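Down below is the structure, laid out as structure tokens.
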Amino acid sequence: MNPNTLAKAYEPHAVEDRWLRAWDDAGAFRADPASPGEAFSIVIPPPNVTGSLHIGHALNNTLQDVLARYHRMNGHNVLWVPGTDHAGIATQNVVERQLAAEGTSREDLGREAFIERVWTWKAESGGRILAQLRRLGASCDFSRERFTMDDGLSRAVREVFVRLFEEGLIYRGNYIINWCPRCRTALSALEVEREERAGHLWHLRYPFADGSGAVSVATTRPETMLGDTAVAVHPDDERYTARVGARVVLPIVGREIAIVADPVVSREFGTGAVKVTPAHDFNDFELGLRHGLDVVRVLDLDAKMTAEAGAYHGLDRYEARKRVVADLDALGALERVEDYKLGVGVCYRCKTVVEPMVSKQWFVKTGPLAERALAAVKDGRTHIIPVQWEKTYYEWMENIRDWCISRQIWWGHQIPAWTCEGCGELIVSRRDPTSCPKCGGVKLTRETDVLDTWFSSALWPFSTLGWPDQTPDLTRYYPTTVLVTAFDILFFWVARMMMMGLHFMGEVPFRDVYIHALVRDAEGQKMSKSKGNVVDPLEVMSRFGTDALRFTLTALAAQGRDIKLAEERIEGYRHFMNKLWNAARFCYLHLDRVGEVPPGSSAALTLADRWILSRLQNATESIRASIEAFRFNDAALRVYSFVWSEFCDWYIELAKHDLAHDAPDERRATARAVLARVLGDILKLAHPFMPFITEELWSAMPGQGGFLTHAPFPRVEAERVDRTAEDTMETLIEIVKRIRDVRAQLGVSPRMATEVQVVTHDAERAERLARDSEVLRRSVAISELAIVPEGGRPAGAVTSVVGSVTVHVGIGEGADIAAIRERLGKDLATARVDHDHHARKLGNEGFVARAPEDVVEKERAGLAGALERIERIEAMLGILEESGL
RNA sequence: AGGCGCGUAGCUCAGGGGGAGAGCGCUGCCUUGACACGGCAGAGGUCACGGGUUCAAAUCCCGUCGUGCCUACCA
């Protein structure tokens, strides 16, 4: 591409397409375990295979990409594994909805045909999200793409299941679980969300069997009373101690049930007596186990009443509730009803109210696994960043419950367990068994349940690398370096990967876990389709360009805080892309021939050269440090401020004169070299954040070859750091700003040249400023310039005092005395505020005695400076008085 | 009920013991040979409130108020 024909404004689309293809064709992000370099590996949090990219994915993957590209440019051996998960319940739901629309169902199809149908749907829509990730610029090694249901991963799942079973860490049994009657499957505790809903608290009266009155109990689910098998009270509750062991008659049902004593009962709540329904309540189930209570199931898998419910058999749970309440009322067993708000459990997929239900399920015994997962974070083998999440992780791990892993759906890894019809033996096996090892029988029935999707995701960091085989990838890249994820799957996923990784690999799955924010809308609301406030990243990319979206997300990604995404912000950063584009365009107009940058001390370098090169070191250092500390926003904002406020606003403007046709050749050559050097480093520093525009500009840069994405990330060159140059330049910038300010306030046209006199009492400083007074001449229109250690106010000048210098700006007749006084008065007020501030501190004996010497010294210098400024301003005002103005 | 955050410029947010920062917005001026997706300049803040620690608090501690989220078996 001819650099002189770069478009006037940055047009992202063609550029993005071109580089996506170029990187892909070159295999730019392919990892090779045999290559040298410290390993840097990331496994992607696998999105749902049938999903599509939302803004959370965009953030998550942008951050991973920043890390991947940064480390790749640092010569590390980078592997970023992409892939998707099969999202059992969600995907099955989608396909079932399709079938329903066609007037059929999965039951009509049968298991095999249904699964085939899901694979067809997966083939259609699957991979779309990976294409979208590519578009985002994610530098994954797409040749290593994995899917939780592919052959390799399925083998890992089976191996893990069998081993855990053999070790007694997987068991099957009748326990209470959460049941979603719509999805018709068991759910783990994590898959149930709490929703506050308005309900009622019904107070029921259960009469004693001996006719001596009644006990009152309160419930939010009166229909479950049909399954009550006890009433419980606290053992120390004096109101009831005499009644423990007594029997009450369950209204409607007529069953006699006992009053039992158990410390879980709260004496304060309600009447202090609670009905016990072991089949349909977690607490009651536990309590039932302790007291050997009967388990009476009154709700079936569709949340309809069972035959146990007698007259209510077949009724939906809510219909049954109404009838039961009415019937109790008729019997006089309903004491009262009060409004009550309660937290109900709903299915995280379909929001249907779940029913606690006793059923035969498979569980992972988490205790022993959690212990090691807890220890690994406590002893620092894995760091969670930001650290405050560690506490949340600990709390969960310490209170972990066994994990229900069986799901009564079809889409997923079918549990490798068989029951022998002959002898009832349970067979769990790596290979499908043909006969029963116990009795030799050949009639074996396979378990129909599949595993929780998170069971396979838990293996992701090693299953994607080839486990259970000892592959080169596994050896080279496990443990992975860092996991980047949002906090909402800390328990679902991160905790479980920790448990499985430690158990099967003997090592943590990742050294660092970086937890990033949730993206919310501009009002701070969680984005959701139903609210209609979702920001579609694909649409944003189309409108503003991918780099602008990426840059916005990283610039807002401060640790420990949610991101509120407003469109104006994205637009603002699109302008930044354009700014960089045009800065480069300007540079390329001059960069036909580029030589070496002279060494730091060289006389060939101007003050501006030395300054920008020194600031470049500062930017390089802070960008590096920020990325390594996962402070993405700091890194992005430093890129922004260096490019815009330092390089464009000052260096380019000053360099224009050095590049002019009438400038001496060697001056032009040096300026070109510095320009090229700084721009080149800017492109490298910015590349992890905005890969497309930087790669494009790099390719247009004269004398550069190869991919920017493979170029070395800049390192700090200590010999380029020049504090004196920075200080001098800063002072000159201050002076320029002051002159402009004075002129702007007085309405002097920018084109009108004025006299300027700068007075500084430090002779060495005066000399330094004078040596580089070009900076002033180039920045403001000046007719005559003097920089002197001594001097009075020239006639017709407005004076301003800044730092250690006094600036007189001659404006001739326009310099009315009021303006001069106003200007000086403003400076005097500022100086006095400063003076008082320093004086107050130094007047404090404790401060002088206890504060560190350098801090006190700084205050003294500040006070002296302020005093000196006040003197100068007052002298100036005195002169005005004397001259009778 | 516990736990974790947050409250800083009109808006969105950084910062986190030693003179209050950015972007956007706002007000003036500028069609200056990279860029009007631009330039120059400016206005704007008791850092929620009350205590405490400290020589020094926006920053650390305690409390209050407001606000958000997470966890939990008060039926």
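Note that this is a predicted model, so its numbers are computed, not measured. Protein chains get the first letters and strands the later ones, always in sequence-line order, with residue 1 at the start of each.
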Using a heavy-atom cut-off of 4.0 Å across all strands, would you classify [X] as base, sugar-phosphate, or nothing?
X: A/V217; value: nothing
X: A/R631; value: sugar-phosphate
X: A/R401; value: sugar-phosphate
X: A/A583; value: base
X: A/D284; value: nothing
X: A/T219; value: sugar-phosphate
X: A/V264; value: nothing
X: A/Y640; value: sugar-phosphate

Do the side chains of [X] and [Y] get close enough for a salt bridge, i.e. N-O under 4.0 angstrom?
X: A/R668; Y: A/D658; result: no
X: A/R221; Y: A/D281; result: yes
X: A/R832; Y: A/D827; result: no
X: A/R778; Y: A/E653; result: no
X: A/D237; Y: A/R267; result: no
X: A/E853; Y: A/K858; result: no
X: A/E568; Y: A/R574; result: no
X: A/E571; Y: A/R569; result: no

[X] [atom1] - [N] [atom2] separation (whole Å):
X: A/N582; N: B/rA36; atom1: CG; atom2: P; answer: 7 Å
X: A/E268; N: B/rA1; atom1: CD; atom2: P; answer: 14 Å
X: A/F551; N: B/rU12; atom1: CZ; atom2: P; answer: 21 Å
X: A/R194; N: B/rC70; atom1: CZ; atom2: C1'; answer: 13 Å
X: A/E193; N: B/rC70; atom1: CD; atom2: C1'; answer: 12 Å
X: A/Y573; N: B/rC13; atom1: OH; atom2: P; answer: 13 Å
X: A/R869; N: B/rG19; atom1: CZ; atom2: P; answer: 14 Å
X: A/I489; N: B/rU71; atom1: CD1; atom2: C1'; answer: 18 Å

Nucleotide nearest [X] when distance is taken to its side chain, options [options]:
X: A/R585; options: B/rC35, B/rC74, B/rG18; value: B/rC35
X: A/R574; options: B/rC37, B/rA56, B/rC74; value: B/rC37
X: A/H575; options: B/rC37, B/rG5, B/rA34; value: B/rC37
X: A/I652; options: B/rG18, B/rA34, B/rG3; value: B/rA34
X: A/Q388; options: B/rG16, B/rA75, B/rC4; value: B/rC4
X: A/L589; options: B/rA36, B/rA75, B/rA34; value: B/rA34
X: A/R751; options: B/rG18, B/rC70, B/rU31; value: B/rU31
X: A/K841; options: B/rG18, B/rA34, B/rA75; value: B/rG18

Test side-chain hydrogen bond (donor to acceptor under 3.5 Å, both in side chains) applied to A/D228 and A/Y206, step by step
CA-CA 11 Å; A/D228 282 2; A/Y206 291 1; 2.7 Å; yes

OP1 or OP2 of B/rA75 under 4.0 Å from side-chain N/O of A/Y340
yes

Residues in side-chain hydrogen bond (donor to acceptor under 3.5 Å, both in side chains) with A/E223, at least two apart?
A/R321

When rounded to the nearest Å, what value does the distance between [atom1] atoms of [N] and [M] take?
N: B/rA20; M: B/rG52; atom1: P; value: 22 Å
N: B/rC47; M: B/rA14; atom1: C1'; value: 13 Å
N: B/rC13; M: B/rG45; atom1: C1'; value: 15 Å
N: B/rC24; M: B/rA9; atom1: C1'; value: 12 Å

Would A/H838 count as stacked on B/rG19 if the rule is ring centres under 5.5 Å and plane angle under 30°?
no

With the criterion being N/O to N/O and under 3.5 Å, what pairs connect the protein with nucleotides 39-45 of chain B, and how long is each?
residue	atom	partner	partner atom	Å
B/rG39	OP1	A/K579	NZ	3.0
B/rG39	OP1	A/W644	NE1	2.6
B/rC40	O3'	A/R740	NH1	3.1
B/rA41	OP1	A/R740	NH1	3.4

Check if the side chain of A/K8 and the base of B/rA34 share a donor-acceptor pair of N or O atoms closer than 3.5 Å.
no

Watson-Crick or G-U pairs under 3.5 Å in RNA chain B, rendered as dot-bracket with [ ] for crossing pairs and | for another strand
(((((((..((((....[..)))).(((((.......))))).....(((((..]....))))))))))))....

Within 45 degrees of the ring normal and closer than 6.0 Å to the centroid, is that where the cationic atom of A/K579 sits relative to A/Y573?
no

Option from A/F689, A/F642, A/Y640 for which ring pair (Phe, Tyr, Trp, His ring centres under 6.0 Å) with A/F576 holds:
A/Y640

Which residue, A/E845 or A/T830, contacts RNA chain B at a nucleotide closer to its 5' end, judged by nearest heavy atom?
A/T830

Given that A/N283 and A/R569 both sit by RNA chain B, which one's nearest nucleotide is further toward the 5' end?
A/R569

